[in-house]
2 protein chains.
Amino acid sequence: MDRELTDRQRQVLRFIQYHLQRHQVPPTVREIAGQFHFASPRTVQDHLRGLIRAGVVRVRPHIARGIELLGGGVGIPIVGRVPAGTPSQPFDEVEGYLEWRPLSPPDGQTFALRVKGDSMVNAGILDGDYVLVRRQETAEDKDIVVALVDGEATVKRLVKQDGTSQLVPENPSHGAISLRHDSQLVGKVIGVFRRYV
Amino acid sequence: MDRELTDRQRQVLRFIQYHLQRHQVPPTVREIAGQFHFASPRTVQDHLRGLIRAGVVRVRPHIARGIELLGGGVGIPIVGRVPAGTPSQPFDEVEGYLEWRPLSPPDGQTFALRVKGDSMVNAGILDGDYVLVRRQETAEDKDIVVALVDGEATVKRLVKQDGTSQLVPENPSHGAISLRHDSQLVGKVIGVFRRYV
DNA sequence: TGACAAGCCATACATCTGTATGGTACATCT
DNA sequence: AGATGTACCATACAGATGTATGGCTTGTCA
């Protein structure tokens, strides 16, 4: 698997990406056929098989609109060079797609949490930011984690030293909290998202 | 339209959101019925009609999996209280869904850019972060913007004062750049995304 | 008490949809 | 010359799917 895509296959893949962005659902086999003026659904099957072999797509069998994109493509295009002039099709300078579906595999173990307070400002996590958290009960030294302290969820950096664990803020005006047995680790912060109104 | 949702309707909506996150596609009418142990697809139709009247959902007629969420819901669930115990069904404590589809309407005016340098650290934008940019040629005072300076894209805060415009970094060790006519404003930063490996 | 809405059920049907069978045309590589 | 792979076509079919018709029950509100 993971072979090169042919031109046609790339076109089909692009259309699937486009359809997903536009309609929130992948196209049916016949909708793809319609787009490319294929007279037979079989033709689409062939191309899909190619995409599957290349490892960029999965198809849930016997399920309507069962095409799933594996490599991403649902999101915001990441441009390499910023085109100065016309805001035309960015379709070509695109380096990839920024998305967080791969951050959230279909296991329900990823969630978002709104940050309260400024204890992590020096790590670039501000009040009101969203942190993306993957649920797990252990973490490495220096990981940024979410822990339950006195029933409240806090975001801190985990520092393991001499057999003890501490929740260390990234703000000189806050103190560290030693991770006691009653403080429970909820998960690891795998991303930060901030939105300007 | 835009009336209150009933409890049942809210549950159905939650399930649609959950299904979208999990499978990249909305559920079929019968998949919803299965989830709630409805014996008849008609029951789902009733609830869908309610959701349509409430304005939170659109249904593309006669199209498989034609349910479209209007208010968002494709993304990572934002939890209110962090459940300490079992990572069970997430779809009840969910406050909303973190997503950036609303940031990127299908007009191709939004793109992402990888930040180089630390000139905006004090605004919580670090080296390697992605900024989400909406293309526009003007911006307000205090907006964080992307501008082309000497052919390079930079992220700075725009400060308008006494009829002049300046690109001001959020880092004391960097200097401001006056926005000359040959420096071109590319767009406004509407979001920041950072991913921890 | 009666109107009304919410929530549910049973059944039916045309069409949509994934998938299979069995082909043709045209390049490329051996 | 033969094998191989890509790209396409015609047709068929079982099951999935949206949707309609016609009900039933329960609680609410006037």
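Below, chain A is the first sequence line, B the second, and so on; all start at residue 1.
For B:Thr164 and B:Asp162, the side-chain atoms include no donor-acceptor pair closer than 3.5 Å.
For the pair A:Arg58 CZ and C:dG18 P, the computed distance is 17 Å after rounding to whole Å. Rounding to whole angstrom units, CZ of residue B:Phe36 and P of C:dG7 are separated by 12 Å. Distance, A:Leu48 CG to D:dC8 P: 13 Å, rounded to whole Å. Rounding to whole angstrom units, CD1 of residue B:Ile67 and P of D:dG18 are separated by 7 Å. In this entry the distance linking CG of B:Asp46 with C1' of C:dC8 reads 8 Å, nearest Å. Across the protein-nucleic acid pair, A:Ile32 atom CD1 and C:dC16 atom C1' stand 15 Å apart, rounded to whole Å. One atom, NE2 of B:His19, and another, C1' of D:dT17, lie 14 Å apart when rounded to the nearest Å. The distance from atom CZ of B:Phe38 to atom P of C:dC9 is 7 Å, rounded to the nearest whole Å.
Comparing C:dA20, D:dC8, C:dG7 against the side chain of A:Arg49 picks out C:dA20 as the nearest. Picking from D:dC8, D:dC9, C:dT19 the nucleotide with the shortest atom distance to the side chain of A:Ser40 gives D:dC9.
A:Arg42 comes within contact range of at least one nucleobase, with a heavy-atom separation under 4.0 Å. Among the protein residues, A:Thr43 comes within range of the nucleic acid bases, having at least one heavy atom under 4.0 Å from a base atom. Using a 4.0 Å heavy-atom cutoff across all strands shown, A:Pro61 reaches sugar-phosphate atoms only and no base atom.
A salt bridge links B:Arg65 to B:Glu31: one of the charged nitrogens lies within less than 4.0 Å of a carboxylate oxygen.
Residues A:Ile144 and A:Val155 are in side-chain contact: their nearest non-hydrogen atoms beyond the backbone lie under 4.5 Å apart. Using a 4.5 Å cut-off on side-chain heavy atoms (C-beta onward), B:Tyr130 and B:Arg194 make no contact.
When the side chains of ILVMFWY residues are joined at heavy-atom separations under 4.5 Å, either directly or via intervening members, B:Leu5 and B:Ile16 end up in a single hydrophobic cluster.
Axis angle between the ends of the helix from C:dT1-D:dA30 to C:dT30-D:dA1, five pairs each and rounded to 10 degrees, works out to 30°.
Between C:dA6 and B:Arg53, a contact under 4.0 Å exists linking OP1 or OP2 to a side-chain N or O. Residue A:His47 has a polar side-chain atom (N or O) positioned under 4.0 Å from OP1 or OP2 of D:dC8.
With hydrogens and angles left out, the side chain of B:Thr6 and the base of C:dA6 share no donor-acceptor pair within 3.5 Å.
The aromatic ring centroids of A:His47 and A:Phe38 lie less than 6.0 Å from each other.
A side-chain contact (heavy atoms from CB on, under 4.5 Å) with A:Asp143 is found for one member of A:Lys188, A:Lys160, A:Lys156 and no other, namely A:Lys188.
Heavy-atom distances to DNA chain C give each of A:Arg60 and B:His37 a nearest nucleotide, and the one nearer the 5′ end belongs to B:His37. For A:Val29 and B:Arg30, each mapped to the nucleotide of DNA chain C holding its nearest heavy atom, the one lying further toward the 5' end belongs to B:Arg30.
Here the closest non-hydrogen pair linking A:His174 and A:Asp118 is CE1-OD1, 3.3 Å.
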